There are 2 protein chains.
Amino acid sequence: MTAYLGDLEQLILLALLRLGPAAYGVAIAEQLADRAGRETSLGAVYKTLTRLEQKGYVRATMGDPTPERGGRRKRYYQLTPAGRKTLGASLDAIRRLSAGLGRLIPEES
Amino acid sequence: MTAYLGDLEQLILLALLRLGPAAYGVAIAEQLADRAGRETSLGAVYKTLTRLEQKGYVRATMGDPTPERGGRRKRYYQLTPAGRKTLGASLDAIRRLSAGLGRLIPEES
DNA sequence: TCGTATTTCTACGACAAAGGCGAATATTAT
DNA sequence: ATAATATTCGCCTTTGTCGTAGAAATACGA
């Protein structure tokens with residue numbers, strides 16, 4: 001019954017933390033591209049968000065219309081406690097496997 | 001043409017680094033379970049190793065028979081330069097998204 | 001002010017890739 | 001032969017991908 005996060009799910013949950021209250025679909029996709037170098041389509045992001053919501057790792061609230069040119073209302077996301085916990089477990093698995101590897105562990109220059 | 005690693009692929013590549021020359025299927029699965037808390041079947045591990053090999057991220061060499069009770073010969077794996085590079089990119093994406101989050105970032109106690 | 005264009009954001013649908021698991025198979029020693 | 005250890009196979013579920021369609025908001029000209 002212990003479920004694991006896919007790699008995109010992981011990155012999106014991190015992006016959520018980073019963006020805080022400004023986390024909605026488009027901003028998340030930009031964050032992934034700009035900060036993480038992970039190019040992905042909006043479709044992939046939205047689908048993953050929906051899945052995360054169904055799993056209870058994330059919850060959404062509708063934003064108000066903004067005074068900008070066009071645009072539908074934004075759907076803002078934030079982590080639930082369950083999401084936090086699962087993300088923590090996921091990151092910890094990586095941390096524990098990486099620990100003590102020293103310069104064996106590859107870095108992007 | 002830029003391909004991304006799945007989460008299990010990531011963990012397995014890390015386990016490879018950690019195990020060094022002793023990295024073969026069963027040992028890798030144990031490492032995942034014991035160190036990372038990632039319970040998975042041997043089938044999943046082997047399938048992933050095969051995929052990683054096809055992608056050129058890993059290469060395999062057959063070991064000699066051991067003086068133990070029974071058992072087929074082991075197939076040892078190690079990272080290729082391409083594998084190192086891709087793993088590095090993958091870990092970096094996480095690092096960059098995590099950076100500066102302070103105590104926002106969840107930890108397993 | 002009505003209607004249409006334009007912009008921004010989200011949802012859908014069909015498919016590809018990755019992960020999961022149990023059972024089957026191979027190889028080695030006793 | 002039997003038992004032990006390691007790997008492969010087949011089938012299925014879950015995730016990821018992408019293009020396209022749809023919805024909701026503003027701007028603007030008639």
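The chains referred to below are lettered A, B, ... by the order of the sequence lines, with proteins before strands, and numbering in each begins at 1. These figures come from a predicted structure and were not determined experimentally.
The two residues A/Arg18 and B/Leu101 come nearest to each other via the heavy atoms CA-CD2, 3.8 Å. Here the closest heavy-atom approach between residue B/Leu13 and residue B/Leu87 is recorded as CB-CD2, 3.9 Å. Scanning all heavy atoms of the two residues, the minimum distance from A/Thr86 to A/Ala3 falls at CG2-O, 4.3 Å.
Considering only the side chain of B/Tyr4, D/dT17 comes nearest among D/dT17, D/dT15, C/dC9. Comparing C/dG19, C/dG13, D/dT15 by their closest approach to the side chain of B/Arg38 singles out C/dG19. Of the listed nucleotides (D/dT8, C/dA11, D/dG16), D/dT8 has the atom at the smallest distance from the side chain of B/Arg75. Distance from the side chain of A/Arg72 is smallest to C/dT8 among D/dT17, C/dC21, C/dT8. Of the candidate nucleotides D/dC11, C/dA18, C/dC9, D/dC11 has the atom lying nearest to any side-chain atom of B/Lys47. With distances taken from any side-chain atom of B/Ser41 to the nucleotides C/dC21, D/dG16, D/dT8, the minimum falls on C/dC21.
Rounding to whole angstrom units, CD of residue A/Glu9 and P of D/dT13 are separated by 18 Å. Here the P atom of nucleotide D/dT15 and the CG atom of A/Leu49 are 14 Å apart, to the nearest Å. Distance, A/Leu5 CG to D/dT15 C1': 11 Å, rounded to whole Å. In this structure, B/Tyr24 places its OH atom 16 Å from C1' of C/dA26, rounding to the nearest Å. The CD1 atom of A/Ile28 sits 12 Å away from the P atom of C/dA11 (whole-angstrom rounding). In this structure, the CG atom of A/Leu32 is 13 Å from the P atom of D/dC18, given to the nearest Å. Rounded to a whole Å, the CG atom of A/Leu13 is 14 Å from the C1' atom of D/dT15. Whole-Å rounding puts the B/Lys74 NZ to D/dT8 C1' distance at 17 Å.
Among the protein residues, A/Gly25 comes within range of the sugar-phosphate backbone only, with heavy atoms under 4.0 Å from sugar or phosphate atoms but none that close to a base. Contact annotation for A/Thr40: backbone-only contact, meaning every heavy-atom pair under 4.0 Å involves sugar-phosphate atoms and none involves a base.
With a 4.5 Å cut-off on side-chain heavy atoms, A/Tyr4 and B/Arg38 count as touching.
Each of B/Met62 and A/Asp7 was matched to the nucleotide of DNA chain D holding its nearest heavy atom; the match closer to the 5' end belongs to B/Met62. Checking A/Leu42 against B/Lys55, the closest nucleotide of DNA chain C that is more toward the 5' end is the one next to A/Leu42.
Of the charged side-chain nitrogens involved, at least one lies within less than 4.0 Å of a carboxylate oxygen, so that A/Arg51 and A/Glu9 count as a salt-bridged pair.
Dashed line: the shortest gap from a side-chain N or O of A/Arg73 to OP1 or OP2 of D/dA25 is under 4.0 Å.
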